[in-house]
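These notes are about the structure you will find just below.
When reading the values below, keep in mind they use all heavy atoms of this one structure, side chains included, and skip hydrogens, waters and symmetry mates. All values reported here derive from a predicted model rather than from experimental measurement.
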Amino acid sequence: MRRPFLNEIPLEGARSGGTSILIGPDEWDEDLQAAYNAGHTLIEFGSTEMAVHAYRKVIEDLQPELFTKDRIL
C-alpha cells in the first residue's frame, strides 16, 4: 500500500492529547490509514530514532478548535 499525502503538523503540538502512533520511514499499511482517517496523530521517526515529522488529518466535525491554522493542540 502506498502512503498518501498526509497533513503535516508541527512536532511541538503532536504529543499533546489524543492518541499518537509511532511510524518508521516509508511505513504504511491499512491499519495506519485507518488510524490517520480516525484523527489519530502519526509521529514518524527517522533513521536516528528521533521524531522527524508528525501528521494528523483535519477532521472538522470532531473538534474544529484543535485543527486551526494558527493553533494546533
- Using atom types as modelled and distance alone, determine if a side-chain donor or acceptor of Asn7 lies under 3.5 Å from a backbone N or O of Arg56. yes
- Message: Can you give me the closest heavy-atom contact between Leu22 and Phe45, atom names plus distance?
- Response: CD2-CE1, 3.2 Å
- Over all heavy atoms of both residues, which pair between Ala54 and Pro10 is shortest? Give the atoms and the distance, please.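 Taking Ala54 first and Pro10 second, the nearest heavy atoms are CB-O, 4.5 Å.
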- Once you round to the nearest 0.5 Å, how far does CD1 of Ile43 lie from CD1 of Ile9?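 Those atoms lie 7.5 Å apart.
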- In terms of heavy-atom contacts, does CG of Asp26 have more than 12 from other residues, nucleotides or ligands at under 6.0 Å? no
- Message: Does Met1 have more than 12 heavy atoms from other residues, nucleotides or ligands lying within 6.0 Å of its CE?
- Response: yes
- Does any non-hydrogen side-chain atom of Trp28 lie less than 4.5 Å from one of Leu6? yes
- Please identify each residue that fulfils side-chain hydrogen bond (donor to acceptor under 3.5 Å, both in side chains) with Glu27, with sequence neighbours left out.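 Glu27 satisfies side-chain hydrogen bond (donor to acceptor under 3.5 Å, both in side chains) with no other residue.
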- With sequence neighbours excluded, tell me which residues meet side chain to side chain contact (heavy atoms under 4.5 Å, CB included) with Thr19.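 Expected list: Ile21, His40.
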- Message: Tell me which pairs pass salt bridge (charged side-chain N to carboxylate O under 4.0 Å, His left out) where either residue lies in residues 29-48, with sequence neighbours left out.
- Response: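 Qualifying pairs, neighbours excluded: Arg3-Glu44.
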